[in-house]
Each structure stands twice: as C-alpha cells, then as structure tokens.
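Chain letters run A, B, ... following the sequence lines, proteins first and then strands; every chain starts at 1. Values reported hereafter were calculated over all heavy atoms of this structure, with side chains retained and with hydrogens, waters and symmetry mates removed.
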There are 2 protein chains.
Amino acid sequence: MYVETGKMTARAAAMADISSCADCTIRSGAICAGLGGDTLHEFFRRGRRVKLERGQTLMWEGDAAPVVGSVRRGLLKLTSMLSDGREQILGLALPGDFVGRPFGGRATSTVTALTETSLCVFPRAVFDAFVADHPELQHELLLHTLDALDHARRWMILLARKSAGERVASFLLEMADRAGVADGEPAEIVLSRQQMADFLGLTIETVSRKLTLLRQSRAVRLPDLKSFVILNRAALSDAAGGEDRLAA
Amino acid sequence: MYVETGKMTARAAAMADISSCADCTIRSGAICAGLGGDTLHEFFRRGRRVKLERGQTLMWEGDAAPVVGSVRRGLLKLTSMLSDGREQILGLALPGDFVGRPFGGRATSTVTALTETSLCVFPRAVFDAFVADHPELQHELLLHTLDALDHARRWMILLARKSAGERVASFLLEMADRAGVADGEPAEIVLSRQQMADFLGLTIETVSRKLTLLRQSRAVRLPDLKSFVILNRAALSDAAGGEDRLAA
DNA sequence: CGTGCGGTTGATCCGAGTCAAGCCAAGTGG
DNA sequence: CCACTTGGCTTGACTCGGATCAACCGCACG
C-alpha cells in the first residue's frame, strides 16, 4: 500500500490538501460533497491519499479494519470468502463510493483494487469522531449507504431469480451504463472471467458460454477479452430479462 | 390501514404519545433510541401509530411512498415483483427495524405485514426535515442502514452460492436465533411455504422436500406447519453449509 | 522452443424446476 | 351430519440448465 504523503511543512501539506480537493473529479458524488471550504479542509487534513496497485487489498473481511475511505479513481471489489475457498463479489466500488464500515466492529468484506486506484483514507476512529461533529457529512454518508442498500437489494433479485444468460446480459448493461459508454462504442470489461463469475454467482465456463451466445446473436461484439460493444441494445436488454432494472 | 389516533385534546394526545413511548418495548433497538425526553416527544408528535392486519401493505414498490416508519410489533416483508409475476422477498422487518426510503424518490420495495403489526409512521417529508435538525436521530438511522446493508450482503452470498438444502437450514437457524429460542424448544415459522420459497429464491416444492430431509435426518422436528424444533444444532448448522454466518 | 495461464468448447452429471397427483384440515352447503 | 370444495402442503416422475470434468486454443514469457 503506497501512501502519497511524506514529510512536509504544515503549510505545504495544507496546500497539497487544498489542491487535492480542488482537482478531485468526484467531489460532487462523494460524501465530502456539500462540505464548506473550511470544513472540507479540516476533514481532508485527517485523511491521507492512498494509491493501490491492481490486486492490492485495503482491508480484510473479519479484521478489525482500522480504516474507511472514499474512492477517487479506479475500481475496487468487495468480497466475502466462502468456506470452500471460493469468493463471492458483494459489490464494486467506483469513484465517489465509500468503502469500509464506520461505527462498527470488524470489516464485513474484503476490499481489493481491481485497477490502479486512489482513495482518501481515514482512520476509522478519527472518521467516526469527525462525522459525529459534522451532521452534513453524516447526511451524505447516510445517502450513500441508502443507495448502496438499494443497489444490494436489486442485486439480490438477480442472484435469486435470474438465469445465467440474464445475469451476464445484465452485467454488460450495467458496465456500459456505469461507464457512460454509448451503444456502438467499445466499453471496458474490467473484470476477468473468473471475477465476472464470482460477481454473478456462476462458473467461469458458464460465463464464457453465455458471452459466446450473446456474440452469436449479434447483441454484442467482443473485440478482445477486456472489452465489448453493444450492437443491439434491445436484444441485450431483452436477454437481461425484463430488466427489473439494476441501474441506480 | 387502521390508524389508532382519533380526535383528542392536545393534552390528551401528548399523554398518549408519552405513554406510547414509555411502553414501547423496542425503544432500545429503534432509531428513536438515544433521543432525550423532549426531543423524543417532539419526534413522536409528528408521527402516528399505525396498525396493520396480516396481509395489509404499507407501501408499494415504485410508488411515491409518502411515509417511513419504525416497527414496534409484528413482522413485515420487503418484496420486489419480477416481470413474470413472481415476487422475491428482499428482507424482513422486525420490531426496531426501519422501513421506507427517506430522502429518496420512490419506494424501492413493497412493504407488507406478515402478522398483525404496529408501527410508528411518519410522513416522509416531515421525517426528512426532523432528521435534518436532529443529528442524533440521523446517527441512529445511519447505524440501522449500515446494519441492513451488511445483512443484505450476507444474504446475497446465500442466494448466489448456497444449495437449496443449505438455504433452508440457514433459514431455520436464523429464525430460531432471531426469535431467541433455545434448541429443543419450539420456534415459530412465521412464513408460509410459499413465502419461504420467495425468501430463499426457491420453489415451494423444493422447500418442502428439503424440510422433509432435515426432519428425516433428525436435525429438526416439525410438529406442525408453523413451527419447528432444533433437535441437533450441529447437524443443522452443518447442513447450512459451513455457516459463513448470517447471524448479525 | 517449451511452459503456464486465461479463456473457450465439448461431454456428462446432478440438483432444482416443472408438471402432475394425492393428502389433509378447514370450510360450506344440502 | 355428511358430501363436496378449497387451499396449503407433500410426494413422485421427468426435464433442463448450469456445474463439473476434461480437452484444447492462443498468447506471453522464460
């Protein structure tokens, strides 16, 4: 885990902090949205910018999890390990999302970077105390948590009731929409086939087969392993099964 | 939907409110925990006590959902309807749990009473405003939401990875634990077989078969349709599959 | 060149869904 | 009081979708 801050004067640190917030592309969607200049600065001073390489883990399920954080850039997965050693992906964290468990005991999931990722990380005790003093921050955190809950519950429906083909189609739709990629344009598949399987509650072979079927039906094009293009959104949406709509 | 309040003098209403809170058995676990006497009274004055009969619905998925509430007594289900008409139960709400979606647009699930239920219900706009003015209330709501999120994510694992037998066993364990019933003592199954199936992402036939197997293996006894007794917790826990532990 | 790893494809198996029949307890009407 | 219905549950026979096991492909890397 590489931490960007080093030794510097208080003034230099403050300037770095301010510029950090000023150039932050996700402020509007993050929990720090709505914090005034002074409060924002106070808040930021308590955290650190952390950069994770692909594959690095921020916290482990069950650990005392000393930190929470806000994603600035990149993509992380939240996972839980099963007794048989397989892992289930519980969700993804994108820029603006919040990770970790404030006011709690142990971390409820393992948080791992899927791409190079940058976060604002806070010691949990410090974060908890600061939130207690700043209702507007707590409010943003509450909104984020409510959204995450809604999203998790929609995903429950997919896992409980959708067929393998529907899951894969739903996944592609969600990836394209979250990335804001238009139909016809190539969108990135950030996950490996194994990770897609872990996410969708399937096996790698089934994921592969269903992708092949979607390609053969001309709903999508798969130029390479890590990208896809929506050729026929209606067909894809149809294959996703009514779309009780996972999109937030 | 039967609303208990009628016309009464301000003083009588206030007394009713106070006694309502005083005799509330779930205060400690509800979002109103930690509200001081005056604030609690203020808060309570803004809501109403609502009683739902078994089967009555408090709000519908997708509706503008004008209310939120805190469960005092009884049991409700949160459901979402699939395009094919089947429903998936997203979660249960027990005394102390919070239902509805504050600060949001539409209700994200349908909320229906499974037993006779009593709630403190608030108009959403009123609730939102009151929460904004009372950080301690917002804090409690946040804690509840974080817990609900953790619970939903654990349930995702069950739906994504567990076999039918494991799901049914996990369900029985959770029911017994939530009701605080000791092994050997009869515990209530509040749901019908159909509702269990909707909850576990199975069909009614499969639920029935797996219950029969558990009975035959002497893990549980099923005196009648609506109750069960844990005879061998080790066996049941084993059948639940390692128990990556759904209990909070 | 091999060697290894991620992905695809094929053959087979098994668990849960589907369809259908029957059971039992609680109404309901003659 | 008894035949008949009704609704929730169980059980059985069969089907089918996705897991499993296995072979193979293609590419990166030593």
Side-chain angles (χ1 to χ4, degrees), chain A residues 54-55 82-88 114-115 157-172 188-217 220-228 239-241, chain B residues 54-55 77 82-89 114-115 157-172 188-217 220-228 239-241:
Chain A
R54 174 191 167 95
L82 301 169
S83 40
D84 63 8
R86 283 187 311 185
E87 72 173 37
Q88 174 66 33
L114 290 174
T115 66
I157 298 176
L158 177 140
L159 293 172
R161 297 294 188 182
K162 289 202 173 183
S163 71
E166 291 171 333
R167 296 185 199 194
V168 172
S170 299
F171 173 78
L172 292 182
E188 195 185 358
I189 303 179
V190 196
L191 307 185
S192 70
R193 294 292 188 268
Q194 182 60 59
Q195 287 166 343
M196 285 181 61
D198 292 340
F199 195 38
L200 299 172
L202 299 171
T203 60
I204 181 173
E205 294 96 328
T206 300
V207 169
S208 179
R209 280 186 246 270
K210 297 307 173 185
L211 282 174
T212 302
L213 287 180
L214 286 174
R215 175 165 48 74
Q216 285 171 349
S217 72
V220 299
R221 210 155 51 81
L222 300 168
D224 61 80
L225 286 178
K226 289 293 184 186
S227 59
F228 71 101
Chain B
R54 174 192 167 94
K77 61 174 180 177
L82 300 169
S83 39
D84 64 7
R86 282 188 313 183
E87 71 174 37
Q88 174 67 33
I89 297 185
L114 291 174
T115 66
I157 297 177
L158 178 140
L159 294 172
R161 297 294 188 182
K162 289 202 173 183
S163 71
E166 291 171 333
R167 296 185 199 193
V168 173
S170 299
F171 174 79
L172 292 183
E188 196 185 357
I189 302 179
V190 196
L191 305 186
S192 71
R193 295 290 188 269
Q194 182 60 60
Q195 287 166 343
M196 285 181 62
D198 291 339
F199 195 39
L200 299 172
L202 298 171
T203 60
I204 182 173
E205 295 96 329
T206 300
V207 170
S208 179
R209 279 186 247 269
K210 296 308 173 184
L211 281 174
T212 301
L213 287 179
L214 286 174
R215 175 164 48 73
Q216 286 171 349
S217 73
V220 299
R221 209 155 51 81
L222 300 168
D224 62 81
L225 286 178
K226 289 294 183 185
S227 57
F228 71 100

From B/K210, B/K162, B/M196, residue fulfilling side-chain contact (heavy atoms from CB on, under 4.5 Å) relative to B/R167: B/K162
Heavy-atom protein contacts under 4.0 Å, nucleotides 14-20 of chain D, coded B base, S sugar-phosphate only, - none: ----SSB
Side chains of A/R193 and A/L225 in contact at under 4.5 Å (non-hydrogen atoms): yes
B/A239 versus B/A169, closest heavy-atom pair with distance: C-CB, 3.8 Å
Touch class at under 4.0 angstrom, heavy-atom based, for A/L225 against every strand present: sugar-phosphate
Check: A/E188 side chain, A/S227 main-chain N or O, donor-acceptor pair, under 3.5 Å: no
B/R54, CZ: over 12 other non-hydrogen atoms inside 6.0 angstrom: no
Side-chain (B/E87) to main-chain (B/L82) donor-acceptor, under 3.5 angstrom: no
Validation row: B/L214, B/F228 side chains within 4.5 angstrom (heavy atoms): no
Contact interval (first through last nucleotide) of DNA chain C with protein chain A, 4.0 Å heavy-atom: C/dG7 to C/dA11
Among B/T203, B/I204, B/L211, the one residue meeting side-chain contact (heavy atoms from CB on, under 4.5 Å) with B/V207: B/L211
